[in-house]
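What follows is a set of notes on a single structure, which appears directly below.
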Amino acid sequence: MRYNISMVTVTLTPILRKGIKYACIAPDSCDGHCCWGAGSIYIYGEDIERFLKYFKMTLDDFLEKHVTVDEIPCHHFKHDKLIPSLEIKETKEKAACHFQTDKGLCEVYKVRPFQCVGYPFWKMNTKNKAAWDKVVVFCPGAQVAPAMADAHFYTAAEIKKLVKAEQQAEYDWEKAMIDWKGDYKAYLRDFLDKKKLER
Ligand code: SF4
Ligand code: SF4
């Protein structure tokens, strides 16, 4: 059964409940450091579907060339085993996503993973003041966007939608990995076949 995200209550810190202007200001005024950090760029089935079309690659080749497989605990289910987690490969120097150029640009911007599209509006960043304050310290875009004329204004509804979508993606992945006993390749082949039939 699919997770019903309409049942999920999203709690936003008060500043975000009023909506907020936000913009990324890389590479001119930021080095792109939100794309750094070991094991931090998760990808899911729909991300992989987009990447395969973009790169015109097979699943096996894509996984071999661009993906690291880690093992993580479930957050949404009580499950006593670790499950596979697919993450974009990182550079050795600063654990930067390997799709980031030396100048801090994203080489795959048009098809970047959902996690990147939604940043910084993730549950861990939006749930309370302390969490959002950390984003503001970390991200120069969050610091200057409120004063920028052309920064997008994210309404509370937009922010909640992104947070819910993130929860949905995590939930679906965890459920699939439990159902498929961690065989992520078999699951992804099945997922991609079903997507082809939908078109
Ligand atoms: S830290 Fe903020 S400004 Fe810098 S690249 Fe990331 S989103 Fe953009
Ligand atoms: S895919 Fe692009 S936006 Fe996402 S972490 Fe990598 S370089 Fe950054």
Side-chain angles (χ1 to χ4, degrees), residues 12-13 15-16 19-57 59 61-70 72 84-127 129-155 158-159 161-163 165-170 173 184 188:
L12 299 180
T13 185
I15 190 168
L16 297 178
I20 198 161
K21 274 187 170 182
Y22 174 77
C24 175
I25 55 172
D28 296 340
S29 305
C30 178
D31 55 12
H33 55 267
C34 61
C35 305
W36 308 349
S40 55
I41 319 297
Y42 300 111
I43 50 174
Y44 302 109
E46 285 174 6
D47 297 319
I48 291 172
E49 186 193 16
R50 281 199 309 285
F51 275 130
L52 296 188
K53 276 191 214 155
Y54 180 76
F55 287 122
K56 298 186 174 48
M57 287 177 102
L59 176 64
D61 287 349
F62 175 78
L63 293 174
E64 172 77 25
K65 190 164 181 196
H66 297 297
V67 174
T68 297
V69 183
D70 202 353
I72 58 166
S85 164
L86 305 191
E87 297 152 17
I88 295 176
K89 282 189 178 173
E90 296 153 359
T91 63
K92 284 199 180 109
E93 305 75 49
K94 53 192 176 193
C97 169
H98 90 159
F99 291 134
Q100 189 180 55
T101 69
D102 292 344
K103 292 187 175 161
L105 285 168
C106 176
E107 275 182 335
V108 293
Y109 189 78
K110 277 190 193 160
V111 291
R112 67 199 188 285
F114 167 77
Q115 181 188 327
C116 309
V117 173
Y119 181 82
F121 300 116
W122 303 337
K123 183 179 176 186
M124 63 178 280
N125 290 338
T126 56
K127 60 187 177 185
K129 182 175 182 310
W132 185 251
D133 285 350
K134 276 191 201 163
V135 171
V136 175
V137 169
F138 180 79
C139 170
Q143 291 157 25
V144 301
M148 285 168 60
D150 56 349
H152 180 70
F153 182 83
Y154 286 82
T155 63
E158 275 177 277
I159 297 170
K161 196 170 166 192
L162 287 167
V163 174
E166 173 215 13
Q167 297 297 291
Q168 176 85 68
E170 274 183 16
W173 180 258
Y184 61 89
L188 286 169

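Owing to the predicted nature of the structure, the values given are computational and were not obtained by experimental measurement. Ligands are counted one by one from 1 in listed order, and the atoms in each one are counted from 1 as well.
Note that the OH atom of Tyr44 and the CG atom of Leu86 stand 9.5 Å from one another [nearest 0.5 Å]. Here the CD atom belonging to Glu93 is positioned 4.5 Å from the OG1 atom belonging to Thr91, to the nearest 0.5 angstrom. Rounding to the nearest 0.5 Å places CH2 of Trp122 at 12.0 Å from CD of Gln167. Residue Ile43 holds its CD1 atom at 8.5 Å from CG of Leu188, rounded to the nearest 0.5 Å. Taking CG of Leu12 as the start and CD1 of Ile20 as the end, the distance is 10.5 Å to the nearest 0.5 Å.
Ring-plane geometry between Phe51 and Phe62 is classed as parallel, the angle between the planes falling under 30 degrees on a 0 to 90 degree scale with a further cut at 60. Between His66 and Phe55, the angle of the ring planes stays under 30°, which puts this pair in the parallel group of the 30/60° scheme.
A salt bridge between Asp133 and Lys129 is present, with a side-chain N of the basic residue lying under 4.0 Å from a carboxylate O of the acidic one.
The side-chain heavy atoms of Ile41 and Phe99, taken from C-beta on, include no pair separated by under 4.5 Å.
A centroid separation of less than 6.0 Å is found between the aromatic rings of Tyr154 and Phe121.
Less than 2.8 Å away from atom 2 (Fe) of ligand 2, the protein contributes these N/O/S atoms: Cys106 SG.
Screening the protein for N, O or S atoms under 2.8 Å from atom 2 (Fe) of ligand 1 yields 1; no waters enter the count.
The proximity of Tyr22 to ligand 1, defined as any non-hydrogen pair under 4.0 Å, is limited to the side chain.
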